[in-house]
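In listed order, ligands and their atoms are each counted from 1.
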Amino acid sequence: TSATTEMVDGQFVNSPLDVLIVGAGFGGVYMLYHLRKLGYSVRVFEAASDLGGVWRNNFYPGARVDSEVPIYDLSLEELWRDWTWTEKYPGYEELRRYFDYIDQKLDVKKDVSFNKRVVTAHFKVDIDRWRVMADDGTVVYPRFLVICIGFAAKAYTPHLKGIERFQGVSHHTAKWPEKGLDLKGKRVGVIGTGASGVQVIQEIARDVEQLSVFQRTPNLAIPMQQTKLDKFGQEKMKALYPAIFERRRETFFGYSYEPVTKNLLDATASERLLHFEEQWNLGGFRYLIRNYADIGLNQAANDEVYEFWKNKVRERLHDPDLQEKLAPSIPPHPFGAKRPSLEQNYYEVYNRPNVDLIDLGQCPITEVTPQGILTADGVEHKLDVIIYATGFDSVTGGITQIDICGLGGKSIKDKWTEGVATNLGLTTASFPNMFFTYGPQAPTAFSNGPTCIEIQGDWIINCIKHMICNDLTYIDAREEAEQEWRKQVLSLGSMSLANKAETSWYYGSNIPGKVVEPYMFMGGVQNYDKTITEVASQGYVGFDLC
Ligand code: N01
């Protein structure tokens with residue numbers, strides 16, 4: 001076979017691929033739809049057995065999205081015109097149905113190869129193509145490689161002493177068993193109280209015999225204010241959808257709302273109180289995002305936001321000891337430094353007699369035993385099931401676990417050992433014709449997912465089109481441009497109060513040994529969009545094209 005002959009699903013294919021997309025979640029599907037429409041040959045390799053990306057792997061009990069619809073929709077009218085959600089914050093089952101519907105409408109699955117985890121991607125200078133191999137040995141040679149694996153593609157389970165000796169059942173939330181797990185009547189331990197932990201805890205507490213929550217840092221969770229949605233209401237709203245989708249690109253976090261422009265310290269006490277109450281009752285991320293302009297930068301303003309939050313939470317807890325553990329007098333970190341979860345009945349769960357909160361700050365885990373978890377006070381918490389809600393080697397972990405080699409045979413993992421370097425959070429120098437979405441040095445977790453994905457996706461699509469239309473072979477980032485971008489990302493990250501959290505996946509400090517630095521662009525979605533659009537319209541300054 002010649003170097004450009006491809007094998008897809010065991011078949012040799014004669015026409016070489018223009019683009020290989022890795023991942024069939026929101027990003028992959030969006031890219032596939034548009035690139036295919038432009039007439040390019042495109043294939044998607046997806047490690048899971050179906051569409052859905054993060055919603056394929058994260059289906060622990062209670063898994064649901066923390067962004068409201070339609071903000072969380074793809075903006076394609078072909079999709080939203082006939083689709084109706086049943087809840088403002090849909091659960092994973094409904095999100096999976098949404099992906100089935102996407103397939104029905106856009107016929108995407110015919111171009112997706114499932115159960116194909118990409119393991120290597122090497123750039124071949126002799127043929128100006130990538131050689132990409134999946135774990136089943138399938139090899140393709142695309143001209144362009146677009147990685148759409150999201151920020152949570154590599155789950156993290158801590159190396160606890162004795163972990164392998166546990167005789168019960170244990171699962172990471174992002175590796176939930178496909179056939180489900182019956183927790184009724186079981187003694188269950190949950191380690192971790194991030195977004196995944198909060199959701200699983202509030203969902204399973206009523207069903208299990210005993211729930212032991214191992215908390216290292218309390219989550220400063222805020223009310224979701226879940227709402228049922230009906231068809232009639234949504235149909236009426238649809239007239240506004242185009243404006244909503246346009247608006248979400250113009251806001252700091254990619255939602256349709258912004259912080260108020262006033263600083264908290266300039267508002268009167270009664271004004272603050274009313275504003276806090278209003279955002280709290282509207283729910284979602286409003287108490288964070290629609291709060292005063294200075295809460296992310298000014299500690300005194302932030303302290304007041306924390307105080308209101310603490311009092312609200314304490315009202316819901318019966319026991320003073322629990323109040324102090326879950327809503328401490330001294331904030332564990334500035335409010336919003338770690339992502340607050342959206343909760344429904346999270347705090348009430350701790351008033352239940354079958355729920356125990358183990359504060360690891362006071363009493364750390366010593367080891368996992370065959371029967372459960374031993375803490376430093378000598379108590380062995382006997383368990384049938386351990387749920388690791390311990391997060392991810394986020395943002396870079398999913399990319400660096402693939403053996404990706406660019407020019408000169410250097411791997412991306414080696415390139416990023418001292419810190420990440422990308423140009424605009426879209427490409428990295430010496431890896432020509434390779435792009436990524438919803439990854440490092442882009443707004444990513446500081447944006448609503450689909451907003452960031454569409455902004456970056458459009459840029460990549462236009463870039464590929466520009467390359468093909470102008471008969472260009474390569475686009476590669478210039479090192480000086482990526483050093484400039486890195487400087488900006490680090491500088492924005494160091495100004496934010498977010499860097500005051502001790503362990504945070506925003507900075508990589510949740511993973512032992514990972515370089516601690518801001519992993520995402522915190523300068524605002526609208527500014528990001530403007531910057532990358534300008535770079536393209538000025539003829540891709542900061543890139544070499546030939
Ligand atoms: O992960 P996390 P996640 N011993 O890293 C604890 C998105 N998401 O899966 O805070 C004991 O936030 C750790 O403790 P600490 C969302 O963007 C979205 O929950 O480091 N504990 C923390 O409590 C989110 O931000 C949705 O002190 C240990 C927890 O484990 C991101 O994914 C749902 C430990 C990890 O929390 C990640 O969320 C789910 C150890 N050795 C996820 N190591 C929705 O949209 C870690 N922890 C709803």
* With the threshold set at 4.0 Å, does a side-chain nitrogen-carboxylate oxygen contact exist between R248 and E454? -> yes

* Can you name the closest pair of heavy atoms from A301 and I295 and give their distance? -> CB-CA, 4.3 Å

* Asked: Evaluating non-hydrogen atoms only, which member of M224, H172, R339, H159 is closest to atom 16 (C) of ligand 1?
  -> R339

* Asked: Which residue holds the protein heavy atom closest to atom 28 (C) of ligand 1, what is that atom called, and what is the gap in Å?
  -> R216 CZ, 3.8 Å

* Do we see a donor-acceptor contact under 3.5 Å between the side chains of T217 and H333? -> no

* Identify, by atom number and element, the atoms of ligand 1 in contact range of W505, meaning under 4.0 Å from any of its heavy atoms. => 5 (O), 12 (O), 17 (O), 24 (C), 25 (O), 31 (C), 37 (C)

* Under 4.0 Å from any heavy atom of I191, which atoms of ligand 1 are there? -> 11 (C), 21 (N)

* Going by the order shown, which atoms of ligand 1 are within less than 4.0 Å of some heavy atom of R64? -> 44 (C), 45 (O), 48 (C)

* Using only heavy-atom distances, determine whether the side chains of E304 and Y292 contain a donor-acceptor pair under 3.5 Å. => no

* Structure fact -> For F151, the ligand 1 atoms with a heavy-atom partner under 4.0 Å come out as 7 (C), 17 (O), 32 (O)

* To do: Indicate, as side chain, backbone, both or neither, the part of F214 found under 4.0 angstrom from ligand 1 when only non-hydrogen atoms are considered.
  => neither

* Between T173 and ligand 1, is there a nitrogen or oxygen pair with a distance under 3.5 Å? -> no

* Structure fact -> Under 4.0 Å from one or more heavy atoms of T503, ligand 1 contributes atoms 10 (O), 15 (P), 20 (O), 27 (O)

* Asked: Can you find an N/O atom of W55 closer than 3.5 Å to an N/O atom of ligand 1?
  -> no

* Take atom CD of E418 as the centre, draw a 6.0 Å sphere, and report whether it contains more than 12 heavy atoms from other residues, nucleotides or ligands. => no

* Asked: Any chance the side chains of Q323 and D319 put a donor and an acceptor closer than 3.5 Å?
  -> no

* Please write down residue, atom name and distance for the protein heavy atom closest to atom 27 (O) of ligand 1. => T217 OG1, 2.5 Å

* To do: Name the closest protein heavy atom to atom 36 (O) of ligand 1, giving the residue it belongs to and the distance to 0.1 Å.
  => G194 CA, 3.6 Å

* Which residue owns the protein heavy atom closest to atom 23 (O) of ligand 1, what's the atom, and how far is it? -> T193 N, 2.9 Å

* **ligand 1 contacted by K338 (non-hydrogen, < 4.0 Å)** => yes

* Does an N or O anywhere in S196 fall below 3.5 Å from an N or O of ligand 1? -> yes

* Asked: Do ligand 1 and Y60 have nitrogen or oxygen atoms that lie under 3.5 Å from each other?
  -> no

* Sequence neighbours excluded, which residues qualify as ring-ring contact (aromatic ring centres under 6.0 Å, His included) partners of Y98? -> W83, W85

* May I ask you to check whether E324 and S329 show a side-chain donor-acceptor distance below 3.5 Å? => yes

* Structure fact -> Tightest non-hydrogen contact, residues Q441 and F521, listed as O-CB, 3.6 Å

* Does one side chain, of T396 or K514, offer a donor that lies under 3.5 Å from an acceptor on the other? -> yes

* Who's the nearest protein heavy-atom neighbour of atom 29 (C) of ligand 1, and how far? -> A389 O, 3.2 Å

* To do: Return yes or no for this condition: an N or O of Q199 is under 3.5 Å from an N or O of ligand 1.
  => no

* Asked: Salt bridge between E93 and R96, side-chain N to carboxylate O under 4.0 Å?
  -> no

* Asked: Hey, are the side chains of L95 and Y72 touching, using non-hydrogen atoms and a 4.5 Å cut-off?
  -> yes

* **Interfacing atoms of ligand 1 (cut-off 4.0 Å, heavy-atom, L360)** => 11 (C)

* Structure fact -> In ligand 1, the atoms that come under 4.0 Å of a heavy atom of G192 are 6 (C), 23 (O), 29 (C), 30 (O)

* **ligand 1 contact on A195 by region, counting heavy-atom pairs under 4.0 Å** => both

* To do: May I ask you to check whether N219 and S341 show a side-chain donor-acceptor distance below 3.5 Å?
  => yes

* Asked: How far is atom 1 (O) of ligand 1 from its nearest protein heavy atom, and which residue and atom name does that atom have?
  -> G391 CA, 3.1 Å

* Go through the side-chain N and O atoms of Y89 and E68 and say whether any donor and acceptor fall under 3.5 Å apart. => yes

* Structure fact -> In ligand 1, the atoms that come under 4.0 Å of a heavy atom of P158 are 40 (C), 41 (N)

* Which residue and non-hydrogen atom of the protein lie closest to atom 45 (O) of ligand 1, and at what distance in Å? -> D66 N, 3.1 Å

